[in-house]
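Encoded as structure tokens, the structure appears first; notes follow it.
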Number of protein chains: 2
Amino acid sequence: MAEKRLTRVEAKARTREQLLDAAARVFAAKGFAGASVEEIAAEAGFSIGALYSNFAGKEDLFLALMSERAATRISDTATTLADWHDGAGQPWRAFGQQMAEVADKDMDLAPLQAEFWLYAIRHPPVMATFAENVRHRLSDLEDVIAVEVAREDGDYPEDLPARLAVVVSALFTGMVRQRRIDPESAPPELYGDALRWLFRGAKNE
Amino acid sequence: MAEKRLTRVEAKARTREQLLDAAARVFAAKGFAGASVEEIAAEAGFSIGALYSNFAGKEDLFLALMSERAATRISDTATTLADWHDGAGQPWRAFGQQMAEVADKDMDLAPLQAEFWLYAIRHPPVMATFAENVRHRLSDLEDVIAVEVAREDGDYPEDLPARLAVVVSALFTGMVRQRRIDPESAPPELYGDALRWLFRGAKNE
DNA sequence: GTCTATAAACAGATAGAC
DNA sequence: GTCTATCTGTTTATAGAC
């Protein structure tokens, strides 16, 4: 791959991104309070000075990570969702499998989001923007669910997709958590089975 | 209430309990790495010395809290579960309501358990005992679910209650999390509705 | 823009008094 | 058994060199 000559602003932007990558890894591994700016800078291959030249401090770096990267992951997930129900036979099974695979592939994501959640609980003003992020993700999920629900069941309460989106999201979060505690108790098929039960049970009630 | 004269060992045990209570509050509020032993001791009304006389250090205090208090909460929950399905009309609704109420009542519990989970992920040997705790809770839940499933449906796969227990537990954890982000999106009724969908959908499949 | 060196504050843990 | 005083290492953040 050809190395490109970078302008001054591009170089700085690249440093910033590398620091954010490193921060994601270190915050996931050590937590917000447990991570040190020195370790993050070193993980990125820079010194403390470079970090402070790009961010106001540890808190600013963490918050930048929360708003910039959490959002990215979320739209990835949304794309995955949109793809899924092409499969003819067992849509839930395939969907559940994908959910589990995504979680297994990026092992940093769940601890990092737990850190975000804890930080937001402890800093109420931050929770407002965090909640807005989550509402966006739930809205994407709701759209996908609305299509699926309408497909099999012409008549349903108008708020059912929104409510199902919350439940599916909560279920997914909890399953990922449980899979880290005891993988055998939360096999990939169980994700799909749970979804199938949920949608079957919500139908025509 | 009459003050009782305490023996030496009773006094020490009392100090220990007060330190554990304080630790639960401070660890929930600040996290493991963010909390200081000085603040925990002060919150309990003691000095640093008293803390070190009862625990080997911050880590030991945290682990004691994890094994002693997490277990207590769990058996409380199990008792709550056992009570629930006496109500004739809407068992799921009542159960969901109770789940939400318990979570709302003790606001420290969810952040503290998140701290335990993160700590266990970062200290694999600890995860083994944490997982054992969780398996116990799931086993209790499974027993309750098995009774309920058998009530309506004579013939079901033998592993269904165990699988449902994992799903219900994951759902509950995720809903509590979501309720802290955006309470309106996770009203108490939704807990019960989700359970009803789940059990309806798992029936006779 | 990034690096090195350093300042200033703080934390976990210990020692000895009571 | 608990408290006060202190030691030691680490942390965030800054200042000035390049």
Side-chain angles (χ1 to χ4, degrees), chain A residues 3-66 115 118-119 122-123 126, chain B residues 3-66 115 118-119 122-123 126:
Chain A
E3 280 293 333
K4 187 193 165 199
R5 247 217 166 325
L6 300 177
T7 68
R8 225 175 167 75
V9 279
E10 283 171 337
K12 175 150 189 183
R14 187 168 146 281
T15 299
R16 199 188 127 96
E17 290 308 307
Q18 288 175 326
L19 284 166
L20 283 170
D21 288 342
R25 291 191 293 272
V26 177
F27 281 135
K30 306 278 186 79
F32 172 70
S36 74
V37 291
E38 186 179 12
E39 182 176 0
I40 293 171
E43 169 82 15
F46 293 95
S47 63
I48 302 181
L51 192 155
Y52 276 93
S53 143
N54 281 278
F55 299 95
K58 186 180 172 179
E59 204 135 9
D60 182 45
L61 172 56
F62 185 74
L63 292 173
L65 189 66
M66 192 189 299
E115 287 292 330
L118 285 167
Y119 187 93
R122 292 162 186 161
H123 301 80
V126 174
Chain B
E3 280 294 333
K4 187 193 166 201
R5 246 213 163 334
L6 301 176
T7 67
R8 223 176 167 77
V9 280
E10 283 171 338
K12 175 151 190 184
R14 186 169 147 280
T15 300
R16 198 189 128 96
E17 290 308 307
Q18 287 174 326
L19 284 166
L20 283 170
D21 287 342
R25 290 191 294 273
V26 177
F27 281 135
K30 306 278 185 79
F32 172 69
S36 75
V37 290
E38 186 179 11
E39 182 176 359
I40 293 171
E43 169 82 16
F46 294 95
S47 63
I48 303 180
L51 192 154
Y52 278 93
S53 140
N54 282 279
F55 300 94
K58 186 180 174 180
E59 205 134 9
D60 183 44
L61 172 56
F62 185 74
L63 292 174
L65 189 65
M66 193 189 298
E115 288 291 332
L118 284 168
Y119 187 93
R122 292 162 186 161
H123 302 79
V126 174

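Letters go in sequence order (proteins before strands), and every chain restarts at 1. Source: prediction; values computed, not measured.
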Tabulated below should be each protein N or O lying under 3.5 Å from an N or O of nucleotides 5-8 of chain D; please produce it.
none

In terms of side-chain heavy atoms of B/Tyr52, which of D/dT14, D/dT2, C/dA13 is nearest? C/dA13
Would you call A/Glu115 and B/Arg122 a salt bridge, using N to O less than 4.0 angstrom? yes
For B/Ile40 and D/dC3, what is the distance between atoms CD1 and P respectively, to the nearest whole Å? 15 Å
Results of side chain to side chain donor-acceptor pair (under 3.5 Å) for B/Glu17 - residues two or more places apart only: B/Arg69
Below the 4.0 Å mark, does C/dT2 have OP1 or OP2 next to a side-chain nitrogen or oxygen of A/Ser53? yes
Selected nucleotide, minimal atom distance to B/Arg8 side chain, candidates C/dC3, D/dG1, C/dA11: D/dG1
Evaluate whether atom CD of A/Glu38 has more than 12 neighbouring non-hydrogen atoms of other residues, nucleotides or ligands under 6.0 angstrom away. no
Could you check whether A/Ala41 gets within reach of a base, just the sugar-phosphate, or nothing at all, counting any heavy atom under 4.0 Å? nothing
Any side-chain heavy-atom pair of B/Leu61 and B/Val37 under 4.5 Å: no
Assign the ring pair B/Phe62 / B/Phe32 to parallel, tilted or perpendicular, where the plane angle (0 to 90°) is split at 30° and 60°. tilted
Respond yes when some side-chain nitrogen or oxygen of A/Ser36 is under 4.0 Å from OP1 or OP2 of D/dT10, and no when none is. no
Should A/Lys58 be listed as having a side-chain N or O under 4.0 Å from OP1 or OP2 of D/dT12? yes
Would you mind reporting whether B/Tyr119 and B/Glu59 have side-chain heavy atoms less than 4.5 Å apart? yes
Could you check whether B/Ala56 gets within reach of a base, just the sugar-phosphate, or nothing at all, counting any heavy atom under 4.0 Å? nothing
Measuring from the side chain of A/Thr15 (C-beta onward, heavy atoms only), which nucleotide among C/dT2, D/dG1, D/dT12 has the closest atom? C/dT2
